2 protein chains.
Amino acid sequence: MLGKKRISESTIHRLSLYYRALSVLEKDNYDTVSSKELARREKLTPAQVRKDLSFFGSFGTRGLGYPVKELKTQIAGILGIDRTWRVALVGIGNIGSALVSYKEFSRQGFQIVKLFDNDQRKIGSNHKGIVVSDIRNLQQELSDAKIEVVIVAVPATVAQYIVDDIVNAGIKAILNFAPVNLKVPDDVYIRHENMSMELEYLSFAMVNNHAQKRVRA
Amino acid sequence: MLGKKRISESTIHRLSLYYRALSVLEKDNYDTVSSKELARREKLTPAQVRKDLSFFGSFGTRGLGYPVKELKTQIAGILGIDRTWRVALVGIGNIGSALVSYKEFSRQGFQIVKLFDNDQRKIGSNHKGIVVSDIRNLQQELSDAKIEVVIVAVPATVAQYIVDDIVNAGIKAILNFAPVNLKVPDDVYIRHENMSMELEYLSFAMVNNHAQKRVRA
DNA sequence: ACGGCTATGTGAAAAGCTTCACAAAAGAAG
DNA sequence: CTTCTTTTGTGAAGCTTTTCACATAGCCGT
């Protein structure tokens with residue numbers, strides 16, 4: 001709580017869950033919520049909730065719980081979603097097109113304001129009010145549009161080239177949907193969204209008969 | 001390696017990464033690969049790779065490395081993707097439409113063979129050769145079509161109702177894209193795909209100035 | 001105003017996961 | 001056939017994360 005402390009990735013991911021739960025609680029007019037209730041809603045333990053929050057401060061009141069509205073604001077501040085981020089999306093294929101309209105992003109302050117593709121049939125077309133730019137102008141337009149985050153939704157085979165360009169344009173945060181690992185310099189944050197992974201986990205769980213708790217060699 | 005052992009979620013997720021890397025290596029005609037090279041390709045440590053694989057057997061040859069083709073086959077068996085799974089998709093909105101055409105799923109054996117929606121304008125329409133069914137027939141059609149896995153891509157507000165129906169139809173594996181936690185019985189596997197989470201992680205990393213290593217209270 | 005009750009915040013213990021480090025195995029070279 | 005080199009497989013150590021458990025704080029009812 002005081003001084004400096006390393007925060008784990010899991011804790012940050014759980015903050016996203018708390019934020020989501022608090023949004024629902026706020027809409028349902030709850031004033032306060034206990035760690036127990038928050039835990040129940042996101043399938044965690046009360047101790048985990050309290051420990052996570054304690055890394056960032058003392059937001060609760062003993063005997064009462066946490067103030068819903070205020071805690072939500074605090075978490076938004078911690079996650080950096082108490083502001084808007086200017087986002088570009090590269091690759092207007094299946095996934096890319098879906099993401100342009102994905103309301104969850106804008107709801108959290110991630111505003112997609114630029115689109116890029118290399119397909120002449122797509123360049124110039126309009127998606128949700130945004131005209132698709134030619135990927136050849138990527139670097140120039142990213143910097144002109146003051147983009148802070150780029151989402152990559154291109155085929156795996158070209159993803160590394162695109163990412164190199166993005167990095168050269170000075171972008172420091174990338175979300176990659178291509179199913180491939182990508183190299184970026186140490187000062188660039190990159191995160192991967194691998195949609196097959198969870199299906200594979202389900203498959204593993206099913207094959208390793210009912211429980212996923214044990215496995216035979 | 002011998003007997004029974006709990007396998008962590010992280011290990012299973014890394015198996016997905018190894019499988020992906022091995023697919024590339026196979027295509028590039030590599031016969032063998034070392035833990036060092038596999039680790040380099042997926043940004044892990046060699047020890048991690050060896051330990052993960054050792055939970056399931058001894059697949060390598062000392063001094064040489066792992067046989068690419070055979071290891072890939074072994075991992076496919078462990079993950080249960082050495083077969084096809086019959087998958088249904090509920091909710092043909094932005095995300096749902098994208099997933100119908102998402103090739104990575106079919107490549108891993110997840111065949112989407114049924115589509116459902118509640119919108120009269122979508123029911124009866126054809127997506128990649130599959131006619132969208134009325135969600136009111138969900139239970140009957142899931143069982144008639146021998147579906148094993150259901151992907152949920154409906155609005156958060158109705159996701160729990162849909163999932164209840166799916167569970168009642170006897171389905172034991174669910175992949176949920178709705179940004180909400182869902183209750184299922186203990187014998188049903190459910191996994192969540194939360195696409196905002198990684199963006200929020202990026203945001204956190206950026207706000208907590210360059211390093212994400214330290215945070216002030 | 002005070003006692004009871006509830007739920008936080010947090011050190012400490014426990015559990016879980018990753019890295020280390022090395023013996024052992026196997027191909028390669030001469 | 002023997003030595004050298006390489007890289008696996010794996011206990012043990014080290015580190016991280018989660019859970020426990022309880023003192024403490026603060027609301028609520030009387």
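Proteins get letters first, then strands, A, B, ... in listed order; numbering begins at 1 in each. Worth saying up front: this structure is predicted, and the values here are computed from it rather than measured.
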Study note, to complete from the structure: Here the side-chain hydrogen bond (donor to acceptor under 3.5 Å, both in side chains) pairs for residues 158-169 of chain A, sequence neighbours left out, are A:Q160-A:D164
**Study point:** Protein-nucleotide distance (B:E9, atom CD; C:dA15, atom C1'), rounded to Å
**Key:** 16 Å
Review point. Please give, in whole Å, the distance from D:dA13 P to B:K51 NZ?
Key: 13 Å
Exercise for review: Provide, to the nearest angstrom, the distance between the CZ atom belonging to A:R50 and the P atom belonging to C:dT6.
Suggested key: 15 Å
Point to revise | Spacing of CD belonging to A:E198 relative to CD1 belonging to B:I151, to within rounding of 0.5 Å | key: 12.0 Å
Point to revise | Closest nucleotide among C:dT19, C:dT8, C:dA26 to the A:S34 side chain | key: C:dT8
Check your understanding: Any idea how B:F204 and A:F56 line up, ring-wise: parallel (<30°), tilted (30 to 60°), or perpendicular (>60°)?
Key -> perpendicular
Exercise for review: Quick one: pull up CD in B:E26 and CG in B:L71 and give me the separation to the nearest 0.5 Å.
Suggested key: 11.0 Å
Study note, to complete from the structure: Checking D:dT18, D:dC20, C:dG9 against the side chain of A:Q48 (C-beta onward), the nearest is D:dT18
Point to revise | Closest to the B:R62 side chain, choosing from C:dT19, C:dA23, D:dA21 | key: C:dA23
Review point. For the pair made of CG in B:L38 and C1' in D:dT8, what is the distance, rounded to whole Å?
Key: 13 Å
Review point. Which nucleotide, D:dT8, D:dT10, D:dC20, lies nearest any side-chain atom of B:S35?
Key: D:dT8
Exercise for review: Would you mind telling me which of C:dT19, D:dT10, C:dT10 lies closest to the side-chain atoms of A:S54?
Suggested key: C:dT10
